[in-house]
Each structure stands twice: as structure tokens, then as C-alpha cells.
Amino acid sequence: MTSPQIDIRETISLEAGERRSPLFLCGPGTSSMDVAWRLIDQDRLPVWGAVLLESQTAGRGRMGRVWQSPGGHIYGALRLPVEPPFDGPGASLALALGLAGVLEDFGWPVSLKWPNDLIYEGGKTGGLLLESKKGRLVAGIGFNLGSPPPGDWPAERDPGAPGPSALPFSGGPAALWPALVKKFIMLYNEKFQSRPLADLIPAAEALLHWRGRTVTVAQPASVPPAPESGLTGRIVGLGPEGYLRLANAEGEFHLWSGTVCLADYFQIHSRTL
């Protein structure tokens, strides 16, 4: 298999407190995570090193989904330390909570749609995906800027999923991504470093999208096991390890993965037809 080519246009040295790490601004590529792993293999991307691609031809998402990613938006990757709160199955929740804190500082309050989406003004503005290999951890992070790009949005594929939205920033990804990464590292230094995920759960629950609402979960993996056909229940909150707590007449389910959509979508829309 041929390794993806790296089109590095500029390398920035980010300083966040006592930490200094490289950020690679790149041209088009397959995906930011492909580039990050190639740089790691070359010993060029340390922990807190970051990547930004101009565009992607094979961006990766959950369930193995692949899509085209046009220019003008953030297609980034960030190498994370494999230590609390990023050392367990709830690492993506910790990352999402940290990114929410950074966006709040910019004046863009977001909510967290479990397990890996960021919601701004009711729509999905960002998403993240974690990959771990040989004790190394990389996060792929994407944000829409200005207006959502065309594409296969969950709302078109999964009824009841949020539609797309975008952060109201016109300065371009190369201006925003370094600032986001720097703020995230500083927030980690001040509030997250070596803290177990359980300590962060109350803050994450406060931002949990659709908390208290009835949702339907497709392809659920849960304890106790849920039906393969799907699971419907009310979002109660989050468990100490980052799982989603869902309750219905049969009891409480702890979900580790699945696609969450609003269950009353059909009721709402049937009344308007």
C-alpha cells in the first residue's frame, strides 16, 4: 500500500505555556489523519503536534464513512497524550469537552452530541474521530466555517439527526486552527492534565445535546445488550467512563456506541404535512 504524500506548505511553532509543538499547514491530501500518522512514522509529529489540510479527498468518519472535503473549512489532526483523560474509551468525550471550552472563549457556545459531534445553533458544526496505534493517539477534528459545505449530511441520511451549521468565522482555516490548538493545549495544561474522565463528566453533562429528550439509537452497543433493530429511550446523562445513559420502560441502558437521532422527529413532521 502506497503511503499518502505530504504537501507541507508551512510549519508553525506553537507555544502554549512551556509547551512548544509543530503545526504543519498542508495542501490537499487524502485526510489529515493520514498525514498525521505519516509524520508520526517519520518522528516529526510529537504529542501536541498538529496538522491542517487545505482539503481532503478521503476524510474519515464514524462507521467507516468517507467523504469529499472542499477547501475553506478546518480539516485538522492533533496528536494527544495517552494519559488521563485521554487514556480510556471516553477520550473522545474529553476532547469534545475541551474543544467546547475553547469555542466558548471565542464566543461560540456549542453543545455535545454524543458520541463525537459539536452542535452550534442547533446544527452540526464539527466532528471528531480518534485513532490509536501502537500506544499513540491521534484525533481528527473538523469544523465548518462560514457556511456548511455540500455533502452527505447526517440529516439527509438519518431522519432526526441535526442539520449542518458553521462557525461564523471568515478569516480562513489557516488563521483559526492554530489559535484553536493553542487554546486547547493551554486549557489542558490548566484544567485537564492528569484528571480522570469521571471528574469531567458533570461539565460534559451540562453541555449534553438532547439531554432529557427521547431519542432513537441505531446500531447500539450497550449494557445490557440492546436490540439490533435499535433502541429508543430518554437521555438521562453520562456515565463516569463516558457512556451514554438511556432509560426506557425496560430500565437503563449504558451505550458505548451508536447513532443517536431525535425520536419525536417523525411526530413533529407528521403534524406539519
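One is the number of the first residue; the rest follow in order along the sequence.
Side-chain atoms of Asn116 come within 3.5 Å of backbone atoms of Leu128 as a donor-acceptor pair (strictly under, hydrogens ignored). Side-chain atoms of Trp108 do not come within 3.5 Å of backbone N or O of Val102 as any donor-acceptor pair. Remark: the backbone N or O of Gly76 is paired with a side-chain donor or acceptor of Ser32 at under 3.5 angstrom. Looking only at distances, a side-chain donor or acceptor of Arg79 sits under 3.5 Å from a matching main-chain atom of Leu45.
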As a quick check of understanding, evaluate side chain to side chain contact (heavy atoms under 4.5 Å, CB included) for Val260 and Trp210, giving each step before the final call. CA-CA 10 Å; Val260 181; Trp210 290 337; 4.2 Å; yes

For a side chain to side chain contact (heavy atoms under 4.5 Å, CB included) check, start with the C-alpha distance between Val215 and Leu246, then their side-chain angles and the critical distance, and finish with the verdict. CA-CA 9 Å; Val215 299; Leu246 203 71; 3.6 Å; yes

Applying side chain to side chain contact (heavy atoms under 4.5 Å, CB included), run through Val110 and Leu207 and close with a yes or a no. CA-CA 8 Å; Val110 297; Leu207 298 178; 5.8 Å; no

Taking it one step at a time, do Phe143 and Leu180 satisfy side chain to side chain contact (heavy atoms under 4.5 Å, CB included)? CA-CA 11 Å; Phe143 286 108; Leu180 290 179; 4.2 Å; yes

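The local environment of NZ in Lys182 is sparse, with at most 12 non-hydrogen atoms from other residues, nucleotides or ligands closer than 6.0 Å. More than 12 non-hydrogen atoms from other residues, nucleotides or ligands lie less than 6.0 angstrom from CD of Gln193.
Of all heavy-atom pairs spanning Leu255 and Pro220, the tightest one is CD2-CB, 3.6 Å. Counting all heavy atoms, side chain and backbone alike, Ser165 lies closest to Gly123 at OG-O, 2.8 Å. Of all the heavy atoms in Val138 and Ala36, the pair that sits closest is CG1-CB, 4.0 Å. Nearest heavy atoms, Ile185 versus Ala16: CG2-CB, 3.6 Å. Nearest heavy-atom pair, Val51 versus Cys26, reported as atom, atom and distance to 0.1 Å: CG1-SG, 4.3 Å. Between Ala175 and Gly171, the shortest heavy-atom distance links the atoms CB-O, 3.7 Å.
In this view, His209 satisfies the ring-ring contact (aromatic ring centres under 6.0 Å, His included) rule with no residue, not counting sequence neighbours. Residues satisfying the salt bridge (charged side-chain N to carboxylate O under 4.0 Å, His left out) criterion with Glu252, sequence neighbours excluded, are Arg245. Judged as a ring-ring contact (aromatic ring centres under 6.0 Å, His included), and not counting sequence neighbours, Phe192 has no contacts.
Side-chain contact between Ser31 and Trp37: absent, with no pair of heavy atoms (C-beta onward) separated by less than 4.5 Å. Under the 4.5 Å side-chain criterion, counting only non-hydrogen atoms from C-beta, Ile201 is in contact with Leu93. Side-chain atoms of Ile12 and Leu25, non-hydrogen and from C-beta on, do get closer than 4.5 Å to each other. Two residues are said to be in side-chain contact when any heavy atoms from C-beta on lie closer than 4.5 Å; Asn144 and Pro149 meet this criterion. Looking at heavy atoms from C-beta onward, Pro28 lies out of side-chain contact with Thr57 at the 4.5 angstrom threshold. The shortest distance between side-chain heavy atoms of Arg44 and Ile8 falls below 4.5 Å. Between Tyr120 and Pro109, some side-chain heavy-atom pair lies under the 4.5 Å cut-off. Here the side chains of Glu241 and His254 are not in contact, with every heavy-atom distance at 4.5 Å or above.
With values rounded to the nearest 0.5 angstrom, Asp117 atom CG is found 9.5 Å from Thr259 atom OG1. The distance from the CG atom of Leu112 to the CD1 atom of Ile119 is 9.0 Å, given to the nearest 0.5 Å. Of the inter-residue distances, the one linking Leu137 atom CG with Leu130 atom CG reads 4.5 Å to the nearest 0.5 angstrom. Remark: Leu176 CG to Phe106 CZ distance equals 5.5 Å, nearest 0.5 Å. Expressed to the nearest 0.5 Å, how far CH2 of Trp114 lies from OH of Tyr243 amounts to 11.5 Å. Atom OG of Ser21 is separated from atom CG of Leu78 by 8.0 Å, given to the nearest 0.5 angstrom.
When the side chains of ILVMFWY residues are joined at heavy-atom separations under 4.5 Å, either directly or via intervening members, Leu99 and Leu187 end up in a single hydrophobic cluster. Residues Leu52 and Val47 share a hydrophobic cluster, clusters being chains of Ile/Leu/Val/Met/Phe/Trp/Tyr side chains in contact below 4.5 Å. Hydrophobic clustering (side-chain heavy atoms under 4.5 Å, transitive across Ile, Leu, Val, Met, Phe, Trp, Tyr) keeps Met186 apart from Ile141. Residue Leu208 is not grouped with residue Val236 when hydrophobic side chains (ILVMFWY) are merged at heavy-atom distances under 4.5 angstrom, including chains of intermediate members.
Here the options are Gln56, Glu131, Arg38, the test is side chain to side chain contact (heavy atoms under 4.5 Å, CB included), and the partner is Met33; only Glu131 passes.
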Give every donor-acceptor pair under 3.5 Å between a side-chain atom in residues 221-231 and any protein atom, sequence neighbours left out.
residue	atom	partner	partner atom	Å
Ser222	OG	Pro224	O	2.6
Ser222	OG	Ala226	N	3.2

Could you list the donor-acceptor pairs under 3.5 angstrom formed by side chains in residues 80-92, with sequence neighbours left out?
residue	atom	partner	partner atom	Å
Glu83	OE2	Tyr188	OH	2.5

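Applying the side-chain hydrogen bond (donor to acceptor under 3.5 Å, both in side chains) test to pairs two or more places apart or on separate chains, none has a residue in residues 195-206.
Between Asp41 and Lys133 there is no salt bridge, since no side-chain nitrogen of the basic residue lies less than 4.0 Å from a carboxylate oxygen of the acidic one.
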